[in-house]
Enquirer: 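Next up is a structure, given as structure tokens.
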Amino acid sequence: MQYNHQEIEKNWQKFWADNQTFKAINESEKPKYYVLDMFPYPSGAGLHVGHPLGYIASDIYARYKRHKGFNVLHPQGYDSFGLPAEQYAIQTGQHPAKTTEENIKTYRRQLDQIGFSFDWSREVRTSNPEYYKWTQWIFIQLFNSWYNKDTDKAEDISTLEKIFKKEGNTTVNAVCDEDVTSFSSDEWKAFSKAAQEEILLQYRLTYLSDTEVNWCPALGTVLANDEIVNGVSERGSHPVVRKKMTQWSMRISAYAQRLLDGLETIDWPQPLKDSQTNWIGKSVGAMVSFQVDVKSKDLTSEVKLTYKELDALKELRANLSKAETTLWNEIKNKKGASKFRKKYTIGSFLVDYVCLAKNLIVEFSGKEDEAERTVFFNKEGFNVIRFSNEEVLQNVVKVVSEINFAIQFPKVQKTESKKNVTSSAVEKSDKIDVFTTRPDTIFGVSFLTLAPEHELVSKITTDTQKAAVEAYISATAKRSERDRMADVKTISGAFTGAYAVHPFTGKQIPIWIGDYVLANYGTGAVMAVPCGDQRDYDFAKHFDIAIPNIFEGVDISEAAHSDKDGTVIANSDFLSGLKYKKALKLAIFELEKKGAGYGKVNYRLRDAVFSRQRYWGEPFPVYYKDGMPQMIAAEHLPIVLPEVEKYLPTEDGKPPLGNATEWAWDSRAKKVVSNDKLKNKTVYPLELNTMPGWAGSSYYFNRYMDPHNENEIASKENLEYWQNIDLYIGGSEHATGHLLYARFWQKFLFDKGIVPVDEFAKKLINQGMILGTSAFVYRASVFVKNGCSIEASNDDVIEKIPTVFVSKNLFSTDDEFEAVVKNYLLDNKLLDPNFADLVLIAKTALHADVSLVNASDELDVEGFKNHPINTDCKDAHFILDAGKYEVSREVEKMSKSKYNVVNPDDIVAEYGADALRLFEMFLGPLEQTKPWKTSGISGVSSFLKKFWKLFFNGDNFEVTETAPTKDELKTLHKTIKKVEEDIENFSFNTSVSTFMIAVNELTALKCNKRAILEPLLVLLSPYAPHITEELWSKLGNKESISTADFPIFEAKHLIESAKNYPISFNGKMRFTLELPLDLSKEEIEKAVLENEKTQEQLQGRTPKKIIIVPGKIVNIVG
RNA sequence: GCUGAAGUGGUGGAAUUGGUAGACACGCUGGACUUAAAAUCCAGUGGUCAGUAAUGGCCGUGCGGGUUCAAGUCCCGCCUUCAGUACCA
């Protein structure tokens, strides 16, 4: 009987579905085991052979664990919110829900035909309201929580309010915004409700803030750092710019330390742990404050303000009028060269706003001395634009765009005249905070460097340095982030003219700016220790700044000395003579004593922006009342995504949800209502942003435990029973995205007592990528010697020349290629011999669809000519090699554009799911990147046929009950041992070889005994579930093979009485000798030395030494 | 630059603690069956040299050293490839 994989596989897939064979139960006598794949985003392209790799591995493991007596949970679902469906909706108007639904159908069909043992009754989809109800619910929990550093966990916000009421915020040890002001309990009580809310927002684990975000204009949305690759969007490669927006953020930084600590407790790949560690980027050091030295400033301004005037100025700045505030809110976030200042003195005039770098003054019109002011400002090189209060209040956008225009296209040329600009008071308290990991080198500081964007720069810059500093700032502002990153070597900077005071020596330290200091790391300022840091060293060398040496016996004439260990500090007052560790501690101690600094741990990890300007994502359960966010009570969830007509941002720049007409919250009726009702007092606008892709994937593994529960994420009992994932398989590209956020949420849910464990996955494996094997054909491009291509100059010369392709082996160089083509054309009279010298032929490599190429790299020429992508090749000529056209091969990423994508559907149709499963495992180690070559599948395919044949005699199923022989038992138990070890070590590729060896041996032994074949079926069934189910039932078994116990290995069958010893001479194996295993060393030596072959090797010499490892090897030296 | 992983036949890859390098496959070559092809089966297949042959010698795990009776495996120094990350103070 023939092995008919199509019929067998279809039947058993139906059987499993009908009998719910793999449905997991939530309580059992058996131990639990939870195996999970990272759920897929259902893309329109469907699966290619690379996608199922991890699923096959986890499925084998899940099936193996079932055989081993575990209650296995092995669910699957879809991460079904995402950008592609939305992009498609924008292009076609098709609702993303519909696209998603269709894609899921394709995925499901493709997955089903591979025979996975998923419990589909637990399927989740992140875009289902029943699911995202819980995503919204978790968001509310985060909003209602703060992080208490004393208890080191998240707590309910009410406990914080209690403390505020009782003792203000000075005693609170919380993770919060950096700029919180302190208040007493009385002050707290005196605050308005709105003010209190605003303060609480600075402590909540999710909070609104104006954050600088990665804005992608082409996609109309904000992107996370990990969604940007090389400065452009990961999807679509669109440019990305920095922009300030009011956004929801997640205070993941609160968990930085615990996210690091947790890594110690989980069995994840070291590279993945390392990249999380680097991402979190913990550095231990100190915060050091440097006072700006006021005396040193060469204030040349003629106008001096009195203290009284200064106070008045401060007052003015604090109490802006409504129009002033409105405009200020629009322009205050401008950075760098377009930074604005409010209420600033120019000469003796007080101006409303000024951009110093661009020499632009913005004023409200209607001032009495307007004409006089204009004359003075213009004389000083400033351009003035004025707006009325009404203009600002009615259309602030227009006003801002006029200001932007004025910045870009200044009317007045900068005059050379010296300006009398009062830097409006360098206040005595001005200080520059720096973060350093090397406070022990504090005596080596010879300058400070500020990021060009640092807020103090314009304030401290002296008039003499102003021009240089401004020029530098505008030069760096012009360079994109990308340029700055790419160009690390060029050293640039400018001296501000200002000095700071060294906290210990009191010496003056010049303050520089330089773009090697990043504005968004640490404080945006560094204390430069050129002798200990290469960048500082290079900077100092470049600008000829002193490089004091504070290391004992170290030469720093060539480069900085950044080694810490073993270095002794010198020339450093109280630190001299100390080693790194001691000096570090003492330096911090002294800094703290002086009040000039304190020990601090700094993390690279930033809070995660949680708002996206997209349609196809979870809506926030948030409405705004008087500008303050309000949570919708959990009982009214889910807040369902509204329908919109257009999926693009609105014309006034609001996110797509701004298009919704039914998107207001009726706080009395507790439901979403039409926007028309917004005039009502109890109806409020809803949040227009949606959540990012990682929201839904950060807890889905918990939801699988109880996916249909309407009252909780999952019941306490189920969470308690399943705990967490025992084995999680997925790609390493999620290292600093999904896998970090999911750990964060799990820890938060753990703090809140919702889940029982604080790490969601005990073991994780990254499956490697499967690459495609592209096929190339070589096409001849014909040129006439004057340089024109044939298309361009259609003369007689080339009239008859057709498209020509040349088989790979016919040439090795370009010259040979040209000769081959020319000869062919001449032989076939396609080229006039008189013109042969006028013609140039170049070769172009083109991708050919891999489905047109067979295992021997031979191209199906007719297929190629008729392929839809080669319409221009219908009449092409192919120069063959021995009647064949051979393509050249190259391994590349699988991609549609490279025509190297292999669809599992085709493989399943031709070879069967079992063959696909075996082959994917056979390709190589699971975690390794490896190329796909369809030709290789014939190996596993013929293995399955051989295996099938063991059970048949001709057309008859024939398995005997005869007792097995020693050899047969040995083969079986050898296989049991190896396969079990391999599965436990996730070495699936080697167990496939083991199966092949076993079947080869049993075929040779002509074994058709039940006692051997039945256990072998169970061994193979995790890998090839269909064929084994079929044969299992043919053996008379009524239950699915998945319920069978795993065979037990018995060592007694492997015990050998003799060993074929390799006999080596000086380490080189010369021959083998079969000897009984129970011989002693002496007996072995005797037997070996007596052997004639030994004597032949020795040729009369006496061995110096004989090494005998019983059961292993004999080595004769001499 | 830093971090991590890896370099073994024509190809994918084996070799658990140092102990017969190249398992198992693909591909290739030859043969059987067939009118022919496909399928199937059998044999050979790291390189090189010698021999009609059986067989035997030498060389071989990125390169150069070292430890050892014995090194793909351990140590030192380099080279290359891939992945991640990047002026992190």
Side-chain angles (χ1 to χ4, degrees), chain A residues 2 269-275 277-279 281-283 285 288 434-438 441 449 451 484-491 514-518 520-529 532-536 538-539 562 602-605 732-733 735-736 766 768-769 773 855-857 889 891 918-919 922-925 927-940 942-943 945-946 949 978 981-982 985 987 989-997 1000 1060-1072 1103-1109 1111-1118:
Chain A
Q2 281 279 305
Q270 197 55 44
L272 197 150
K273 286 188 186 181
D274 289 345
S275 69
T277 306
N278 290 337
W279 193 260
K282 178 179 181 175
S283 32
V288 184
V434 304
F435 176 75
T436 176
T437 53
R438 299 291 304 273
T441 61
T449 315
R484 263 169 84 167
M485 255 157 61
D487 180 21
V488 182
K489 289 203 182 99
T490 314
I491 295 160
D515 69 359
Y516 79 95
V517 178
L518 302 176
N520 51 10
Y521 180 76
T523 61
V526 301
M527 57 174 231
V529 183
D533 181 286
Q534 193 56 44
R535 286 158 305 163
D536 296 342
D538 294 340
F539 196 88
S562 55
N602 205 39
Y603 296 95
R604 197 189 84 117
L605 182 72
S732 58
E733 67 273 21
T736 51
N766 291 129
M769 208 187 348
T773 313
S856 317
D857 294 347
R889 294 284 206 170
V891 172
L918 282 168
F919 186 52
F922 190 57
L923 279 177
E927 305 193 43
Q928 196 173 302
T929 304
K930 48 213 173 271
W932 176 275
K933 244 180 121 182
T934 304
S935 58
I937 204 169
S938 64
V940 292
S942 61
F943 156 75
K945 287 180 201 158
K946 269 195 225 166
K949 271 166 75 179
K978 177 86 170 110
E981 282 168 2
D982 284 347
N985 293 322
S987 174
N989 54 325
T990 50
S991 41
V992 178
S993 317
T994 307
F995 288 128
M996 289 174 170
I997 294 168
N1000 289 345
N1060 202 14
Y1061 278 95
I1063 312 297
S1064 317
F1065 294 80
N1066 298 317
K1068 279 177 194 152
M1069 207 280 287
R1070 282 293 120 106
F1071 61 90
T1072 57
K1104 282 187 197 137
K1105 198 172 173 187
I1106 299 178
I1107 312 282
I1108 292 166
V1109 184
K1112 280 257 164 97
I1113 200 171
V1114 176
N1115 190 17
I1116 298 166
V1117 186

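We name chains A, B, ... by the order of the sequence lines, and we start the count at 1 in each one.
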Enquirer: How far does OG1 of T277(A) sit from CG of L272(A), to the nearest 0.5 angstrom?
Expert: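 It is 9.5 Å, given to the nearest 0.5 Å.
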Enquirer: Roughly, in whole Å, what's the span from CZ in R1070(A) to C1' in A21(B)?
Expert: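 Rounded to whole Å, this separation is 15 Å.
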Enquirer: Would you indicate, yes or no, if A25(B) has its OP1 or OP2 atom less than 4.0 angstrom from a side-chain nitrogen or oxygen of N1000(A)?
Expert: yes
Enquirer: For residues F1071(A) and F1065(A), determine if any side-chain heavy atom of one lies less than 4.5 Å from a side-chain heavy atom of the other.
Expert: yes
Enquirer: If you check every side-chain atom of N1115(A), which of C88(B), A89(B), C69(B) has the closest atom?
Expert: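 Between C88(B), A89(B), C69(B), the one nearest the side chain of N1115(A) would be C69(B).
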Enquirer: Give a yes/no answer on whether the side chain of K933(A) brings an N or O atom under 4.0 Å of OP1 or OP2 in U11(B).
Expert: no
Enquirer: Out of G4(B), U20(B), C88(B), which has the shortest distance to the side chain of L518(A)?
Expert: C88(B)
Enquirer: By the 4.0 Å heavy-atom rule, please label G936(A) as base, sugar-phosphate, or nothing.
Expert: sugar-phosphate
Enquirer: I997(A) side chain: which of C24(B), C59(B), G13(B) is closest?
Expert: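 Minimum distance to the I997(A) side chain belongs to C24(B).
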Enquirer: With a 3.5 angstrom cut-off on both distances, give the Watson-Crick or G-U wobble partner of A43(B), or none if there isn't one.
Expert: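 Here A43(B) is engaged in a pair, and the nucleotide opposite it is U29(B).
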Enquirer: Would you mind pulling out the nucleotide paired to C74(B), Watson-Crick or G-U wobble, both distances under 3.5 Å?
Expert: G66(B)
Enquirer: Please compare V1114(A) and S938(A) by the position of their nearest nucleotide in RNA chain B and report the one closer to 5'.
Expert: V1114(A)
Enquirer: Please classify G9(B) as syn or anti, treating any glycosidic angle within 90° of 0 as syn.
Expert: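 Judged by the O4'-C1' to base torsion, G9(B) sits in syn, the angle falling within 90° of 0.
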Enquirer: Kindly point out which of A89(B), G13(B), C87(B) is positioned nearest to the side chain of Q928(A)?
Expert: G13(B)
Enquirer: Measuring from Q2(A):CD to K949(A):NZ, what's the distance to the nearest 0.5 Å?
Expert: 9.0 Å
Enquirer: Determine the interatomic distance between P on G65(B) and the same-named atom on U61(B); round to the nearest Å.
Expert: 13 Å
Enquirer: Is the phosphate of A70(B) approached by K1068(A) (side-chain N or O, under 4.0 Å from OP1 or OP2)?
Expert: no
Enquirer: Among C41(B), C88(B), A21(B), which nucleotide sits nearest the side chain of Y521(A)?
Expert: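 Of C41(B), C88(B), A21(B), C88(B) is nearest to the side chain of Y521(A).
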Enquirer: Can you find a side-chain donor-acceptor pair between N1115(A) and K1105(A) that sits under 3.5 Å?
Expert: no
Enquirer: Using atom C1' in both nucleotides, what's the gap between G27(B) and G46(B) to the nearest angstrom?
Expert: 15 Å
Enquirer: When rounded to the nearest Å, what value does the distance between C1' atoms of U68(B) and C75(B) take?
Expert: 12 Å
Enquirer: Picking from C87(B), A25(B), G13(B), which would you name as closest to the side chain of R535(A)?
Expert: C87(B)
Enquirer: Across the strands shown, which category fits D536(A) at heavy-atom distances under 4.0 angstrom: base, sugar-phosphate, nothing?
Expert: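 D536(A): no heavy atom of the nucleic acid under 4.0 Å.
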Enquirer: Which residue lies toward the 5' end of RNA chain B, I937(A) or S1064(A), if each is placed at its nearest nucleotide?
Expert: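 Residue closer to the 5' terminus by nearest nucleotide: S1064(A).
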Enquirer: Please report, rounded to the nearest Å, how far the C1' atom of G1(B) is from the CG atom of N278(A).
Expert: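 Value for this atom pair: 14 Å.
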Enquirer: Give me the distance, rounded to whole Å, that separates A38(B) from C33(B) when you measure between the P atoms they each carry.
Expert: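 That atom pair is separated by 16 Å.
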Enquirer: Y1061(A) side chain to G1111(A) main-chain N or O, any donor-acceptor pair under 3.5 Å?
Expert: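 Looks like yes, one N/O pair under 3.5 Å.
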Enquirer: Check every atom of C69(B), A86(B), A14(B) against the side chain of N989(A) and return the nucleotide holding the closest atom.
Expert: A14(B)
Enquirer: If the C1' atom of A70(B) is compared with that of G47(B), how far apart are they to the nearest Å?
Expert: 24 Å
Enquirer: Rounding to an integer number of Å, can you tell me how far E981(A) CD sits from U17(B) P?
Expert: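 Taking CD of E981(A) and P of U17(B), I get 12 Å after rounding.
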Enquirer: Which part of the nucleic acid does K945(A) contact within heavy-atom distance under 4.0 Å: base, sugar-phosphate only, or nothing?
Expert: sugar-phosphate
Enquirer: To the side chain of V1109(A), which of G19(B), U40(B), A89(B) is closest?
Expert: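 Closest nucleotide to the V1109(A) side chain: G19(B).
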Enquirer: Determine the interatomic distance between C1' on U17(B) and the same-named atom on G72(B); round to the nearest Å.
Expert: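 Those two atoms are separated by 15 Å.
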Enquirer: Work out how far the C1' atom of C63(B) is from that of A6(B), and round it to whole angstrom.
Expert: 16 Å
Enquirer: Give P269(A) one of three labels, base, sugar-phosphate or nothing, depending on what nucleic acid heavy atoms sit under 4.0 Å from its own.
Expert: nothing
Enquirer: Between T437(A) (side chain only) and G285(A) (backbone N and O only), is there a donor and an acceptor less than 3.5 Å apart?
Expert: no
Enquirer: Using a 4.5 Å cut-off on heavy atoms from C-beta on, say whether the side chain of Y521(A) contacts that of N602(A).
Expert: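 A side-chain contact exists here, since the closest heavy-atom pair is under 4.5 Å.
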Enquirer: Choosing from A89(B), G12(B), A21(B), which nucleotide comes nearest the side chain of T437(A)?
Expert: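 Comparing A89(B), G12(B), A21(B) against the side chain of T437(A), the answer is A89(B).
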Enquirer: Expressed in whole Å, how much space separates the P atoms belonging to A54(B) and G13(B)?
Expert: 34 Å
Enquirer: Which nucleotide wins on minimum distance to the side chain of M996(A), given the candidates A15(B), U85(B), C24(B)?
Expert: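 Looking only at side-chain atoms, M996(A) lies closest to C24(B).
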Enquirer: Could you check which nucleotide pairs with G1(B) in any of the strands shown, counting Watson-Crick or G-U wobble with both distances under 3.5 Å?
Expert: U85(B)
